[in-house]
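Encoded as structure tokens, the structure appears first; notes follow it.
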Amino acid sequence: MSVCPPLAPQALQLAIKEALKGRDPTLYRNIFVTYERAHSEAPEEIPELSTLAIPDQKWIEETTSKNLAERTKLEVDLKTYTSNMIKESIRLAHRDLGDFYRAIGEQASSLKHYTKSREFCTTSQHVLEMCMSVLELLMEQRSYSHIGTYVFKAEAALDSATNVRQPAGPQAPAGAAQAGREKRHAEREKVTSKLDIATAISHLGQSNYEKAALSFLKVGPPKGLEDWFGKLIAPGDIAIYTTLCALATFPRPAIRTQVLDNDTFGLYIEQEPYVRELLEAYMNNRFKTVLEILDRYSARHSLDVHLYGHMPALTNLVRSKALVQYFQPFASIRLERMSQAFGWSVDELEQQVVSLIQSGEIKARVDRQNKILKAKETDQRAALFAKAIKSGQDMQAANRKLLLRMRLQQADLVVKPPKGQGGMHHMMSHPSELLSGDY
């Protein structure tokens, strides 16, 4: 609400409406507290809470009572199953408690019960279901650094579940067998797409923008992901996240082949038409349009739950890449001409260019008197000598390593790996023995 004060009243109404659909009284109360805090920071822009809504105390009391009753019931069920040592029932009881605590906003307790259910899983499918539940919870919590661990576990469980042989029995008709294989393949693709989304969100949250874009581009068609859409992510979100990360990190050919010419990703771009306009403007060197589109949708991006902390960095990366790309064909260019192409003043452009020169992204110098950007001339002769010297040094280092390996083999200083393990032999020796010869 404090990010965009004009939208605060509307955001309040929508948040209250969503909270009343759930069963989390703490979240409901926090909505009002957050609005009051935003109002105190900008009283001129944000109306008083009393003029818009008041907390529904009756709903809070009824929901709290229902939650207490259900928690008591679920905990009693878990104790009963534990005393009877019914493994599958214990797993389901932990799962149900995890779902319950997640619904009422107690995420730490939810994670505890989800992970506890792992001890009572008897099949790879059970492990996979547990991992997917944990991944959904971590994405809601925005615990980006922990997502990768459960993606790895889920992938291992998925492989095991897929490779489980069908039980022996009467041979099924060819058509039924084919249908079964297609169904299993579709289920695998659905889970794989969810894992790709989780991986991409993890990379985005940790500012690994190139890896995030590559992971998003692996996601399959929207069909089959409906149970995540509207709850954890939307198709339009995937289009926006991928495009911004790709523009910030991909070279131009990769943007064309992996993003614009990607038929599957095109299904997501349809959800946010301005995304294609942004990509086309960048590929056609209309950088002023690119920056205008980013500015026009800055509120949409800054209010996104996963993007809001990364927009300054992403925008700066896109802007820097555009400047480098624009200057690349020129030996020299007037700053006035560049400023017109980007829609900035000459002074603003000069600041941007100087920062890129200082960081080494543009190899040039600025003639401040004449307002001209000139590329540095490379001494081709010196560059050739430097390249030749480096090649010689690399070859010398490689030869020394080969000679060292030969001496180790001649001295029979080889440790063979245990049976069943491949890979190269390990070699050991005392440094004085290895270096005693002339190379």
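Annotation: the span from Phe250 atom CZ to Arg256 atom CZ amounts to 14.5 Å, rounded to 0.5 Å. For the atom pair CZ of Arg296 and NE2 of His301, the computed distance is 10.5 Å after rounding to the nearest 0.5 Å. The line from CD1 of Ile86 to CG of Leu92 is 10.5 Å long, rounded to the nearest 0.5 Å. Here Leu158 contributes atom CG and Leu195 contributes atom CG; the two are 7.0 Å apart, rounded to the nearest 0.5 Å. A distance of 9.5 Å separates CD of Gln141 from CD1 of Ile147, quoted to the nearest 0.5 Å. The CG atom of Leu279 sits 5.5 Å away from the CG atom of Leu247 when rounded to the nearest 0.5 Å.
Summarising the geometry of Phe265 relative to Ile238, their closest heavy-atom pair is CE1-O, 4.0 Å, with the distance given to 0.1 Å. Closest non-hydrogen pair, Ala198 versus Leu135, comes out as CB-CD2, 4.4 Å. Between Arg300 and Tyr274, the shortest heavy-atom distance links the atoms CG-OH, 4.4 Å. Of all non-hydrogen atoms in Pro47 and His39, the two that sit nearest each other are O-ND1, 3.5 Å. Of all non-hydrogen atoms in Leu278 and Thr243, the two that sit nearest each other are CD2-CG2, 4.0 Å. Shown here for Ser215 and Ala200, the closest heavy-atom pair between the two residues is CB-CB, 3.5 Å.
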Verdict with reasoning, Met395 to Asn399, per side chain to side chain contact (heavy atoms under 4.5 Å, CB included): CA-CA 6 Å; Met395 189 178 298; Asn399 288 338; 3.9 Å; yes
message: Leu303 vs Tyr308, test: side chain to side chain contact (heavy atoms under 4.5 Å, CB included). Steps then yes/no.
response: CA-CA 6 Å; Leu303 292 172; Tyr308 73 94; over 6 Å; no
message: One pair to check against side chain to side chain contact (heavy atoms under 4.5 Å, CB included): Tyr81 and Leu78. What are the steps and the verdict?
response: CA-CA 5 Å; Tyr81 298 141; Leu78 176 59; 5.5 Å; no
task: Evaluate the salt bridge (Lys or Arg N to Asp or Glu O under 4.0 Å) criterion for residues Arg91 and Glu88: first the C-alpha distance (whole Å), next the side-chain angles of each, then the deciding distance (0.1 Å), finally the verdict.
output: CA-CA 5 Å; Arg91 181 187 75 85; Glu88 175 63 6; 2.8 Å; yes
task: Evaluate the salt bridge (Lys or Arg N to Asp or Glu O under 4.0 Å) criterion for residues Glu70 and Arg23: first the C-alpha distance (whole Å), next the side-chain angles of each, then the deciding distance (0.1 Å), finally the verdict.
output: CA-CA 12 Å; Glu70 183 168 351; Arg23 51 195 302 184; 2.3 Å; yes
query: Would Leu260 and Arg276 satisfy side chain to side chain contact (heavy atoms under 4.5 Å, CB included), going step by step from the backbone distance to the final call?
result: CA-CA 8 Å; Leu260 278 170; Arg276 186 174 294 280; 4.0 Å; yes
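Two residues are said to be in side-chain contact when any heavy atoms from C-beta on lie closer than 4.5 Å; Leu317 and Lys321 fail this criterion. Looking only at side-chain heavy atoms (C-beta outward), Leu204 and Tyr209 come within less than 4.5 Å of each other. A heavy-atom distance below 4.5 Å is not found between the side chains of Phe216 and Cys245. The closest side-chain heavy-atom distance from Gln352 to Arg319 is below 4.5 Å. Between Ser160 and Val127 the shortest side-chain heavy-atom distance does not fall below 4.5 Å. In this structure, the side chains of Glu292 and Asp295 stay at 4.5 Å or more apart for every pair of heavy atoms. Counting heavy atoms from C-beta outward, Lys66 and Ile104 have side chains that stay 4.5 Å or more apart. Looking at heavy atoms from C-beta onward, Tyr35 lies out of side-chain contact with Ile31 at the 4.5 angstrom threshold.
The residues Glu136 and Lys231 are annotated as salt-bridged, a charged nitrogen and a carboxylate oxygen being separated by less than 4.0 angstrom. Salt-bridge check for Lys73 with Asp96: failed, with every basic side-chain N at 4.0 Å or more from each acidic carboxylate O. Between Asp24 and Arg29 there is no salt bridge, since no side-chain N of the basic residue sits under 4.0 Å from a carboxylate O of the acidic one. Taking the charged nitrogens against the carboxylate oxygens, Lys21 and Glu18 do have a contact shorter than 4.0 Å, which makes a salt bridge. Taking a cutoff of 4.0 Å between a charged side-chain nitrogen and a carboxylate oxygen, Lys58 and Glu61 do not qualify as a salt bridge.
Within 6.0 Å of atom CD in Gln396, 12 or fewer heavy atoms from other residues, nucleotides or ligands are found, so the atom counts as exposed in its surroundings. The neighbour count for Asn84 CG, taken as heavy atoms of other residues, nucleotides or ligands under 6.0 Å away, is above 12. The number of heavy atoms from other shown groups lying within 6.0 Å of CD (Gln10) does not exceed 12. Annotation: Leu402, atom CG; neighbour count of heavy atoms from other residues, nucleotides and ligands within 6.0 Å is above 12.
Remark: the Asp99 side chain and the Tyr114 side chain contain an N/O donor-acceptor pair separated by less than 3.5 Å.
Side-chain atoms of Thr63 do not come within 3.5 Å of backbone N or O of Ile60 as any donor-acceptor pair. In this structure, Ser117 contributes its side chain and Arg95 its backbone to no donor-acceptor pair below 3.5 Å. Here the side chain of Ser83 pairs a donor or acceptor atom with the backbone of Thr80 at under 3.5 angstrom. Using a distance-only test at 3.5 Å, with no hydrogens or angles considered, a donor-acceptor pair links the side chain of Ser40 to the main chain of Arg37. In terms of modelled atom types and a separation under 3.5 Å, the side chain of Thr72 and the main chain of Leu68 share a donor-acceptor contact.
The residue from Thr249, Val318, Leu307 that alone fulfils the side-chain contact (heavy atoms from CB on, under 4.5 Å) condition with Leu244 is Leu307.
His113 and Phe100 have their aromatic ring centers separated by at least 6.0 angstrom.
Ring-plane geometry between Phe32 and Tyr28 is classed as perpendicular, the angle between the planes exceeding 60 degrees on a 0 to 90 degree scale with a lower cut at 30. Ring-plane geometry between Tyr241 and His306 is classed as perpendicular, the angle between the planes exceeding 60 degrees on a 0 to 90 degree scale with a lower cut at 30.
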